[in-house]
Amino acid sequence: MAQVLYRKYRSTKFSDLVGQDHISSTLTKALKKGAIAHAYLLTGPRGVGKTSVARILAHEVNEIDYNLDEFHIDIIEIDAASNRRIDEIRELRDKINLAPTQLKYKVYIIDEVHMLTREAFNALLKTLEEPPEHVIFILATTELNKVPETIVSRCQRFTFKYVDDHTLVGHLKSIASSESIKIDDESLQIIAEHSGGSFRDALSLLDQLGSMSSHVTSEDTRNVLGLPDDAKVKLLLSNLESGDFATTITDYRNLMIDGADPVILAAQLSDRIRRELPNHSNQAKMIGLLGDLLNVSKSRDPEVELEIILLKNLPEENLTSSPVVSQPTRDTAPSDDVTDVSTAPEQEQPDKPLKTPKPSLKKTKATKKKADSKEKETTKKKPKSTDPIDEDDWQRVLGHIKDSKNTLYTILRMAELDTDGGMVRLLFKFPFHQKRASDQSNRELILSSLDSLGIEHNGLEIVLAKDAAQPKKPAKPKPKEVSTPSKKQAGKQPPEEISEIFGGAEVLES
């Protein structure tokens, strides 16, 4: 089985270290003077050589060569991530007094030391303060902030740094040549940038690319890493700044279809913004966008999170921030409504005495009273029509929701408002926005905002705009029919007076 590159090219001497000259030179000089500390603390990002330096140092203090294939019983490596409990540290403390078996010093390398529990740190503290003369501790961590100050103060601290791209590209080119891997300079530059200064990550990528192709191109590298082309990233950012909503969202979704990683895309956008920020015309907006992009990697759904961030950072004047209400009559012709109400008494004056023909047998006073009473009853039961909420009301609702849940506010700004018949209908262009707004918690927040602001409505409906080409009008309650007797039926019903005289007998008409 072929050995992976990052193990094959692991440093075995201080002179082999890449990009950490300040550490290699300091330790080399100290060892020449015989200035050996009882505890060292190596801190810095992952993949930059902390474990390698710990192993080299363990061999150097014992004045032996470091060979990757050799094992020494007096050099003990402990992974604090899997040996973090107090029991393991107590066991270490009990064995520490035993003299080395073969070497001059017994060296304990504790990797990822920040993973130890609080009790384990306390158990380690006394040993670090006064260790036996034959014991040296080398602690390594990527998260210095999680190591207690009492531990840090008892160690000589060495801080590692990221390997710069120029140094990394040169080293990768040398290794690629040794391994007969044909790869262009652009691919090496992409690998260096994507590895984020981690030498181990860069070698892992080179190993992967070298195994899949006899000649690695930049296109191969981008496909493997899920990296969109720089030109596409630049175009996406340009459309975002110009406020082109349709093009921005289309470009982004096409990148996702092509297999782009949203976390990597967010990092690329951040990198480009940072480069352009000093000379940008709207620095405040770009700083805000940078802050939003930092949250993409922490999201449970990075693709959706990045899309919302892009939409939220479009210029407001290019968004439909004022919903379109589908009831223009209320705003366009208020005077007509007033005129209709004021002139209604002139058109219908039921209280004025009217000349009416004398009642005949077909329509008696009793029948008229019965019909009038049923009409009044029906009028009382008829529900009041709820006026549609207007634009100002909806803006109040959006403001209320923005204070509670900003992501929902951003989504609702994409909606077109239709309040036909008092029903609040939100019409979305994209299924994603409709689905998110339809979540139970989001529906409840919208309804509670309407109610808390005292805005009357007949319910909430969230649909796609294409499915609402012909808005569904809520069925108006039908008034109960008044059983007005027909002419034929009226002829068969005797007047009240005649009915009483003849004891309810039916009067036949000629």
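Basis for what follows: all heavy atoms, side chains included, without hydrogens, waters or symmetry-related copies.
- In terms of modelled atom types and a separation under 3.5 Å, the side chain of Ser178 and the main chain of Ser174 share a donor-acceptor contact.
- Other residues, nucleotides and ligands contribute only 12 or fewer heavy atoms inside 6.0 Å of the NE2 atom of His166.
- Atom CD of Glu77 sits in a crowded spot, with more than 12 heavy atoms from other residues, nucleotides or ligands closer than 6.0 Å.
- Side chain to side chain, Arg10 and Ser52 meet the donor-acceptor criterion of an N or O pair below 3.5 Å.
- Judged by distance alone, with hydrogens and angles left aside, the side-chain atoms of Glu307 form no donor-acceptor pair with the main-chain N or O of Ile249 at under 3.5 Å.
- Under the 3.5 Å distance criterion, the side-chain polar atoms of Ser449 are left unmatched by any main-chain donor or acceptor of Val397.
- Atom CZ of Arg46 has 12 or fewer heavy atoms from other residues, nucleotides or ligands within 6.0 Å.
- Side chain of Asp220 to backbone of Thr217: a donor-acceptor contact under 3.5 angstrom is found.
- Contact record, Tyr40 with Cys155: C-CB, 4.1 Å, taken as the closest heavy-atom pair.
- Taking CG of Leu5 as the start and CZ of Arg200 as the end, the distance is 14.0 Å to the nearest 0.5 Å.
- Within 6.0 Å of atom NZ in Lys232, 12 or fewer heavy atoms from other residues, nucleotides or ligands are found, so the atom counts as exposed in its surroundings.
- Within the 4.5 Å cutoff, the side chain of Val304 has heavy atoms near those of the Arg436 side chain.
- Counting heavy atoms from C-beta outward, Thr43 and Val147 have side chains that stay 4.5 Å or more apart.
- A 4.5 Å side-chain heavy-atom check between Phe121 and Lys146 finds every atom pair outside the cut-off.
- For the salt bridge (Lys or Arg N to Asp or Glu O under 4.0 Å) condition, the pairs that include at least one residue of residues 127-139, sequence neighbours left out, are Glu129-Arg154.
- Taken to the nearest 0.5 Å, the CG atom of Leu293 stands 6.5 Å off from the CG atom of Leu306.
- Here the two rings, on Tyr9 and His171, have centers that are 6.0 Å apart or farther.
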side-chain hydrogen bond (donor to acceptor under 3.5 Å, both in side chains) assessment of Asp292 paired with Asn313: CA-CA 9 Å; Asp292 291 339; Asn313 283 275; 3.3 Å; yes

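- At a threshold of 4.5 Å between non-hydrogen side-chain atoms, the residues Thr248 and Tyr252 do not count as touching.
- Checked for salt-bridge contact, Glu305 and Arg300 miss the test: no charged N lies under 4.0 Å from a carboxylate O.
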Counting only pairs under 3.5 Å, give me each side-chain donor-acceptor contact of residues 266-277, with atom names and distances, residues two or more places apart or in other chains.
from	atom 1	to	atom 2	distance (Å)
Ser270	OG	Ala266	O	2.8
Asp271	OD2	Arg275	NH1	2.3

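- Each of Leu412, Leu427, Leu426 was checked for a side chain to side chain contact (heavy atoms under 4.5 Å, CB included) with Leu417, and the lone residue meeting it is Leu426.
- Once rounded to the nearest 0.5 Å, the distance linking CD1 of Ile181 with CG of Asp207 reads 6.5 Å.
- The shortest distance between side-chain heavy atoms of Leu265 and Met256 falls below 4.5 Å.
- Below 30°, between 30° and 60°, or above 60°: for Phe428 and His433 the angle between ring planes is between 30° and 60°, a tilted geometry.
- Each salt bridge (Lys or Arg N to Asp or Glu O under 4.0 Å) pair with one or both residues in residues 176-195, not counting sequence neighbours, appears once here: Lys8-Glu179, Lys173-Asp185, Glu186-Arg222.
- Note: Thr150 OG1 to Leu125 CG = 4.5 Å, rounded to the nearest 0.5 Å.
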When you look at Ser448 and Asp451, which way does the side-chain hydrogen bond (donor to acceptor under 3.5 Å, both in side chains) test go after all the steps? CA-CA 5 Å; Ser448 64; Asp451 295 338; over 6 Å; no

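- Counted within 6.0 Å of CG on Asn67, heavy atoms from surrounding residues, nucleotides or ligands total more than 12; the atom is thus considered enclosed.
- No donor-acceptor pair under 3.5 Å is formed between the side chain of Ser299 and the backbone N or O of Val296.
- Two residues are said to be in side-chain contact when any heavy atoms from C-beta on lie closer than 4.5 Å; Leu203 and Leu172 meet this criterion.
- Between Phe14 and Val53, the closest side-chain pair of non-hydrogen atoms falls below 4.5 Å.
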